[in-house]
Every structure is written in C-alpha cells, then in structure tokens.
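The shown structure was predicted, so the numbers you read here are calculated from the model rather than taken from an experiment.
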Amino acid sequence: MNRLLFGDNLKWLRDPKVFADGSVDLVYLDPPFNSNANYNVLFKEASGAASEAQFHAFTDTWEWTAEVDATYAEFIDTCANVAVVELAEALKKFLKTSPMMAYLAMMAPRLVELHRVLKPTGSLYLHCDPTASHYLRMVLDGIFGARNFRNEIIWKKTNSPKPQSRYFGEQHDVIFFYTRSDAAPFEKIYAPLTEKQAGVFSHADERGRFQTVNIIAAGLQKYEGRKEYEFRGVKKAWLYSKEKMAELWEQGLLHPTPGGAYRKKIYLEDTAGSLVSDLWVNGDVKPMQGGSAESLGYPTQKPVALMERIITASCPKDGVVLDPFCGCGTTVHAAQKLGRAWVGIDVTYLAINLIKQRLRDAFPKGLKFEEKGQPEDAAGARRLAELDKFQFQHWALSLVGARPLREGGGKGADRGVDGLLYFYESKDERAKLIVQVKGGGVKRSDIATLLGDVANQQAAGGVLLTLEPPTKAMNKEVVDAGRYRAKLWPTEFPKLQILTIAGLLDGSERLNAPPSASAFARAEVEGTAEKQTELL
C-alpha cells in the first residue's frame with residue numbers, strides 16, 4: 001500500500017505494524033547534510049517568477065542537546081549490532097559532543113532501522129555531500145558490512161559552482177550505494193549517446209550507420225586456450241569459435257579490412273546507449289537549476305531523472321520504494337511514474353502538503369494514497385497543537401489550501417497573520433485573503449483583530465481557523481463585517497469567515513471564496529505508465 005507518513009521517521013520505522021522486517025526493496029534517503037545552513041521554500045507567482053513569499057523549510061544545524069544525548073544513550077543500550085555500537089562509542093570519544101556527533105547520533109539509529117526493513121535482496125542509496133560523507137561511510141560499513149558496499153556515485157549537482165577565494169568551487173554530491181546481500185537485483189543503465197560518442201559510427205550500409213570492433217585475439221589473449229584457425233582464407237586467433245564466426249557471416253555482421261581480415265559490425269540502432277558508470281556528470285540526469293520546469297521551489301529538490309535512474313537500476317517492477325526524508329517528494333513522484341509502490345515520510349507538514357499538491361498535479365487521474373500521522377479529528381488536532389504549534393499551523397492552513405506567511409513575517413502589520421490565500425481578479429491581477437490559526441481559546445476581540453489585519457494587508461477578506469467553536473457574539477461580528485465582490489465572479493463572498501477544525505475535517509464546513517491559486521509551483525502532468533498504479 002502506498003503511504004505518505006507525517007512525523008519522525010524513526011518512530012515510524014520502529015513501528016512493526018507499519019514496517020515489518022524485510023518489507024522494502026529500495027531505500028533512497030537524502031537526509032540533512034549537517035551543512036550549518038537554513039533552507040526556505042520559494043513559492044512562485046503566476047508568471048513563474050520567484051515570489052517574495054518564502055517560508056522556512058528546515059534548519060540543517062545540529063547541536064548536542066539533552067534530547068540528542070538521550071537518543072544516543074538509548075541507541076548504545078539497545079542496538080544489537082555490536083560493531084556499530086563500538087564504532088559509535090569510538091566516534092563519540094573522538095568527536096566529543098560536537099555538532100557532527102549530534103548529527104551522527106541522529107543518523108545512526110535510522111540507518112540501523114532502514115537496514116532492518118530492507119529485504120535480503122534490498123538496496124540502499126544514501127545521498128550526501130563531503131561535509132559528513134566520510135563518517136556516514138563508516139557507519140554504513142558497520143551496518144551493511146564493507147563487503148556489501150557497491151559504489152560511491154559522484155553526481156554533478158550544478159553547472160555553475162559559486163566562485164571561492166580560498167578553495168575550489170563545490171560542484172558535486174555523493175551517493176553511497178549498498179545492498180543487503182549479493183542477491184540484490186541490478187539492471188544496467190544506459191545513458192543516451194553524446195554527439196561525440198555517436199560519431200564513431202562512421203560506416204554505413206543499407207541497414208544504417210555502424211562502427212567496427214576487433215575480433216582477433218592479441219598478445220597474451222591468444223594463449224589463453226585459444227587456437228588459430230582459418231576462416232574464409234584468413235588464419236588468425238579469432239575471439240569467436242568457427243560456428244559463431246559462420247553465424248556472424250550469415251547475419252552480415254563481418255566487415256572486411258584492407259589487410260584481408262574481418263572486424264565485427266556494431267550498428268547504431270542496436271546500441272542501447274552509453275553504459276552508465278559511477279560518475280554522473282552528463283546525459284539524462286541534469287543538475288537542478290532555479291529556472292528548471294520541474295522546480296517547485298524546495299531548497300534541496302533533486303531531479304526526477306536522478307530518482308528514475310536509481311529506481312530502475314535497483315527496484316523490481318513489483319517492488320516497494322521508501323524515502324524516509326522525502327522533502328518535496330521527488331522519490332515518490334518517480335516511483336509513481338515508474339509504477340512502483342512507495343512510502344514517503346517527512347517531519348514537516350509543509351513538505352507533506354507540497355508532496356500532496358505535486359502528486360495531484362502530476363497524476364490527475366485515479367491517484368489515491370493513504371495518509372498517516374496527521375490529525376483525523378479535533379482531538380488529534382489538539383494533540384498536534386500541544387506538541388508543535390508551528391506544524392499545527394501548517395497543517396491547519398493546508399485544510400483550506402493556504403500558504404504560510406513569508407519568512408520574517410509576524411511583525412508590524414503582519415502580526416497575527418499565519419497564511420495567505422490568493423485568487424485571480426483578472427488574468428494577471430490577484431487578490432488575497434489572510435488566514436489566522438487559533439489553537440487555543442477564541443474571543444470576540446479576535447474578530448476585530450482579524451478585520452484590522454485585513455485592512456492593514458489590503459486584503460479582500462479574512463479567515464479564522466480555530467480549534468474551539470466561536471461564540472454567538474463572534475458570529476454576529478462576522479455577519480456585521482459585510483461582504484466583498486470579486487471582479488470575475490457574479491456572487492459576493494463574506495468579508496470574514498470562521499471555520500472550525502472539526503467542521504473542516506468532517507465536511508460540514510468549507511471555505512466560501514473564489515477558487516484559489518495553488519500555494520506551490522505546479523508540477524507538470526506526467527504521461528501514464530504502461531499501467532497506472534492504483535493507490536489505496
């Protein structure tokens with residue numbers, strides 16, 4: 001079953017009802033890199049240009065806190081892999097309680113669980129950069145065994161590295177490829193031939209362009225059990241048997257040389273392409289650029305072609321793909337496109353909301369999938385609000401399709417505004433509704449505040465999303481606020497609205513406003529695969 005899971009991936013991975021031992025064919029993870037940076041989601045305007053509206057996606061900065069210390073201690077006490085425990089303790093002695101050790105204390109238990117959920121024929125690809133790659137490689141060797149290391153893949157992530165004054169510009173990421181055993185499937189991948197590579201097919205006949213390759217043993221090769229024999233008047237130490245040579249002749253695949261020997265024809269139309277190595281610097285996996293058609297504004301987004309290559313190589317057609325740090329959902333997008341089952345996990349509801357919008361845009365027909373971890377009723381919403389008020393806000397805003405307020409908001413005229421909804425007044429003109437989220441009690445003065453924010457923001461109207469039901473006085477204030485008319489719509493809409501979380505969840509309440517513009521850049525519609533996967 002295809003699933004989109006909201007919450008801490010370690011908790012999900014440790015739930016045997018969700019992830020049984022050996023239940024996944026392929027794991028791809030693109031975790032934080034310990035880059036000591038903040039990353040924002042960049043929204044887009046209708047024109048396609050970057051918007052000023054940005055929102056914090058995640059902070060990739062780590063420090064040794066009491067929570068990290070407790071996680072580390074639990075891992076040391078409970079991990080059954082003695083080699084990994086000893087490695088973690090050695091790293092702790094060396095790194096102390098540094099940010100790098102805090103990062104590794106987060107990653108190690110997750111990698112152990114990912115190894116557990118992989119099938120005996122499963123594969124794992126870990127995407128990182130040189131910041132922590134050397135330490136992650138040691139941890140992976142301890143968990144998977146060094147014998148199950150397959151590749152260190154170098155991916156050229158940008159065509160234009162930032163110039164540096166004291167060191168070379170950074171231009172690549174690292175992808176570590178491990179398998180659980182030698183039984184893991186692997187399909188060779190071919191990239192399209194470059195113009196230079198296609199140029200070696202310099203001969204032509206009625207079948208098309210071809211190149212020729214040597215079929216005569218040279219040097220020591222002819223002494224490795226090979227014997228010279230005569231073929232059509234030419235005595236050589238041929239690479240093929242007499243029977244095979246006769247077969248090639250009948251097929252018209254032998255090309256005479258000026259010296260009277262033969263070479264084998266290789267036709268361009270029969271060439272699968274260039275066999276992909278561990279250096280991914282060109283071909284069909286191009287770096288993500290800001291102006292890329294598939295860019296959704298997510299800071300660490302990877303191209304779909306990158307994931308298609310990995311899934312095609314290491315996941316059977318009836319297999320399951322897991323991405324425990326799924327961000328903007330490139331992995332699940334590629335898995336859906338290729339007809340594989342998938343599971344995605346992310347700890348921020350901003351990412352979950354983006355993924356849902358992306359999947360709906362890219363696969364508009366027959367797309368269904370199961371969501372878990374988000375509130376399903378008012379009680380669940382209240383628990384989320386108590387646990388993390390910011391994730392509660394993001395989740396509540398998604399119920400009406402609103403985008404979070406831009407990074408740096410919440411001050412001055414923006415005070416109290418949590419989200420924005422845009423709708424079109426004309427082809428190029430947009431109006432907005434402001435949205436406020438209340439996770440606690442509400443009172444009559446909240447309506448006056450909302451009305452004032454509507455005026456300050458020069459918005460068409462305002463929406464209050466609340467866990468608690470409004471009072472009669474609040475409802476009267478909403479009615480007294482009046483209505484507004486949108487240029488492209490014949491009906492009027494309420495200036496202010498109060499919507500309860502419970503009503504939005506059970507369908508008894510809904511937003512009364514013109515159709516809104518998407519909060520995120522839209523993903524392009526994907527062509528259907530051989531058979532569209534039905535997601536439940």
Answer yes or no: are there more than 12 heavy-atom neighbours, outside [X] itself, under 6.0 Å from its atom [atom1]?
X: R360; atom1: CZ; value: yes
X: R483; atom1: CZ; value: yes
X: E67; atom1: CD; value: no
X: E492; atom1: CD; value: yes

Between [X] and [Y], does any side-chain N to carboxylate O distance fall below 4.0 Å?
X: R3; Y: E370; answer: yes
X: R382; Y: E468; answer: yes
X: R358; Y: D361; answer: no
X: E113; Y: R116; answer: yes
X: E376; Y: R383; answer: no

Would you check if the side chain of [X] reaches a backbone N or O of [Y] as a donor-acceptor pair within less than 3.5 Å?
X: R340; Y: C315; answer: yes
X: S516; Y: Y422; answer: no
X: S508; Y: L504; answer: no
X: S398; Y: G401; answer: no
X: N9; Y: P324; answer: yes
X: R309; Y: V285; answer: no
X: S23; Y: A20; answer: yes

Passing option when [X] is tested against [options] for side-chain contact (heavy atoms from CB on, under 4.5 Å):
X: I434; options: L421, L450, V463, D418; answer: L450
X: H333; options: E294, E526, E308, M307; answer: E526
X: L5; options: V347, L322, D15, V343; answer: V343

Going by distance alone, is a donor N or O of one side chain under 3.5 Å from an acceptor N or O of the other, for [X] and [Y]?
X: Q457; Y: K432; value: yes
X: T348; Y: Q391; value: no
X: H127; Y: D173; value: yes
X: E429; Y: Y424; value: no

In terms of relative ring orientation, are [X] and [Y] parallel, tilted or perpendicular, with 30° and 60° separating the classes?
X: F369; Y: W342; result: tilted
X: F423; Y: Y484; result: parallel
X: F176; Y: Y178; result: perpendicular

